[in-house]
Amino acid sequence: MDAFAAAVSRRFDGIETDVRASTDGQAVLIHDRVLKMGVAVSDLTHAELSHACGFTIPTLEDALDAFPGILWNIEIKTVEAAALAWPILRRYASSRRLLLTSFRHDVVIQSLSEIACPAGFLIASHPSDIPHLISACKTHPLISTVVWDFEILDNRTLAMLSDAGIHNAVYGPRTRAEHERLAPPLIDTVITDFPDFCGL
C-alpha cells in the first residue's frame with residue numbers, strides 16, 4: 001500500500017497490480033507465485049501470507065477502497081483469482097477506472113460476461129498472426145488494449161494495432177534509454193518499476 005500511495009503522490013496516471021488467490025479465498029495483491037521461502041501463495045491464508053512477507057498484503061478491496069481516483073490495471077494471474085476478483089470488480093466498476101488484463105486470454109474473454117469494464121490481452125511472445133490478434137480484440141469491444149513485453153516490440157506491429165484503434169501498452173523497460181524509446185503515438189501506456197525514468 002505504501003508503494004501505491006507513492007505512485008499516487010507522484011501523480012502517475014495508474015497503478016498495475018497482480019491478483020492471486022490465497023487458500024482462504026481472498027483476492028490478494030502479490031506478483032510472485034511462490035515466496036522466497038519456497039511456499040506457493042495459493043497454499044497460504046491471507047494472514048499467513050502477510051506474516052511470511054513481513055507486512056500486510058493488501059486485498060483487491062483494500063486497494064480499490066484506499067485509492068479511488070487512480071486508474072487500476074488489474075492483472076489476473078489465475079483462474080481461481082479471476083473467480084474471486086469478478087464480484088469485487090463488479091461492485092467497483094461504476095465508481096473506479098479499471099482495466100482488467102491477463103496472460104490467460106480465455107480469462108479475459110470470460111471476464112467480459114462477468115463484468116463490464118475495459119480489458120486487455122497481455123502478450124509475452126510475438127504473435128505470428130497480427131491480423132488474427134486484431135480480429136480477436138475487435139470481436140470483443142471492451143478489449144481495448146494489448147500489453148506487450150518490452151523485448152518483443154516492433155514498430156510495424158505497434159502501428160498495425162494503433163491504426164486499428166487498439167491501445168498499445170508495454171511492460172518491462174529497465175533503462176532510461178529504453179523508457180525514452182516508448183513514446184506516443186505508437187505507445188499509449190508504459191508500465192514500469194523505474195518511475196525516475198518517466199520524468200515524474
Side-chain angles (χ1 to χ4, degrees), residues 7 12-21 27 29-34 41-42 60 70-86 89 97-195 197-198:
F12 273 77
D13 298 320
I15 295 171
E16 186 272 350
T17 190
D18 304 320
V19 181
R20 293 188 180 277
L29 303 186
I30 188 165
H31 174 78
D32 293 335
R33 178 176 56 85
V34 177
V41 169
S42 59
L60 180 56
I70 201 85
L71 169 68
W72 283 100
N73 176 359
I74 306 297
E75 181 186 337
I76 305 295
K77 286 293 192 181
T78 65
V79 173
E80 294 78 16
L84 295 172
W86 288 332
L89 295 176
R97 292 184 295 144
L98 302 173
L99 175 67
L100 187 150
T101 61
S102 184
F103 287 106
R104 288 288 305 262
H105 297 179
D106 57 331
V107 166
V108 173
I109 291 169
Q110 187 178 354
S111 296
L112 301 181
S113 64
E114 299 287 341
I115 174 174
C117 76
F121 293 140
L122 271 158
I123 297 183
S125 59
H126 198 283
S128 59
D129 189 342
I130 300 302
H132 179 76
L133 173 62
I134 293 171
S135 177
C137 293
K138 291 296 189 179
T139 300
H140 305 279
L142 285 172
I143 299 179
S144 59
T145 303
V146 172
V147 185
W148 301 94
D149 184 322
F150 176 83
E151 292 195 296
I152 63 170
L153 294 179
D154 71 80
N155 285 346
R156 178 177 175 274
T157 298
L158 295 173
M160 289 174 69
L161 269 73
S162 184
D163 289 346
I166 299 165
H167 291 168
N168 288 300
V170 60
Y171 70 92
R174 299 186 60 84
T175 69
R176 185 178 299 278
E178 288 175 347
H179 284 73
E180 289 171 352
R181 285 176 48 195
L182 303 176
L186 295 183
I187 300 292
D188 301 286
T189 301
V190 177
I191 301 168
T192 182
D193 291 332
F194 300 93
F197 294 158
C198 296

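The structure displayed is predicted, hence computed values, not measured ones.
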Distance, nearest 0.5 Å, that separates [atom1] of [X] from [atom2] of [Y]:
X    : Y    : atom1 : atom2 : answer
I70  : D13  : CD1   : CG    : 7.0 Å
I187 : L153 : CD1   : CG    : 5.5 Å
C198 : L182 : SG    : CG    : 9.0 Å
I143 : C137 : CD1   : SG    : 6.0 Å
H31  : D193 : NE2   : CG    : 8.5 Å
I115 : L98  : CD1   : CG    : 6.0 Å

For [X], which residues count as a ring pair (Phe, Tyr, Trp, His ring centres under 6.0 Å) partner, sequence neighbours excluded?
X    : value
F150 : none
H167 : none
W86  : none

Taking all atoms of both residues into account, what is the closest heavy-atom pair of [X] and [Y], and its distance?
X    : Y    : value
L71  : R97  : N-NH2, 3.2 Å
C117 : L112 : O-CD2, 4.2 Å
D32  : R20  : O-NE, 3.2 Å
S102 : I76  : OG-O, 2.8 Å
A164 : I134 : CB-CG2, 3.7 Å
L29  : V19  : CD2-CG2, 3.6 Å

For this session: Name all residues meeting the salt bridge (Lys or Arg N to Asp or Glu O under 4.0 Å) criterion together with D163; count only those two or more places apart in sequence or in a different chain, and write none if there are none.
Result: none
Seminar exercise, completed: Taken in chain and number order and not counting sequence neighbours, the residues that satisfy salt bridge (Lys or Arg N to Asp or Glu O under 4.0 Å) with E114 are R90
Do [X] and [Y] come within less than 4.5 Å of each other through their side chains, counting heavy atoms only?
X    : Y    : result
V190 : F197 : no
I130 : L161 : yes
E16  : W72  : no
L89  : L60  : yes
R104 : V79  : yes

For this session: Could you tell me whether a side-chain N or O of S135 sits under 3.5 Å from a main-chain N or O of P131, the two making a donor and an acceptor?
Result: no
Exercise. Okay, side chain of D149, backbone of E151: is any donor-acceptor separation there less than 3.5 Å?
Worked result: yes
Can you sort out the partners of [X] under side-chain contact (heavy atoms from CB on, under 4.5 Å), two or more places apart, ordered by chain and number?
X    : answer
S144 : L99, P118
N155 : L158, L186
R174 : E178, F194

Donor-acceptor pairs under 3.5 Å, side chain of residues 120-129 to any protein atom, not counting sequence neighbours: which ones?
| unit_1 | atom_1 | unit_2 | atom_2 | d |
| --- | --- | --- | --- | --- |
| H126 | NE2 | D154 | OD2 | 2.6 |
| H126 | NE2 | T157 | OG1 | 3.1 |
| D129 | OD1 | H132 | N | 3.0 |

For this session: Begin from the C-alpha positions of I109 and H140 and carry the test side chain to side chain contact (heavy atoms under 4.5 Å, CB included) through to its verdict.
Result: CA-CA 8 Å; I109 291 169; H140 305 279; 3.8 Å; yes
Partner set under side-chain hydrogen bond (donor to acceptor under 3.5 Å, both in side chains) for [X], not counting sequence neighbours:
X    : answer
H105 : none
T101 : N73
D188 : none

Problem set entry | side chain to side chain contact (heavy atoms under 4.5 Å, CB included) evaluation trace for V147 with V170 | CA-CA 5 Å; V147 185; V170 60; over 6 Å; no
Problem set entry | Chi angles and distances behind the side chain to side chain contact (heavy atoms under 4.5 Å, CB included) call for V41, R33 | CA-CA 6 Å; V41 169; R33 178 176 56 85; over 6 Å; no
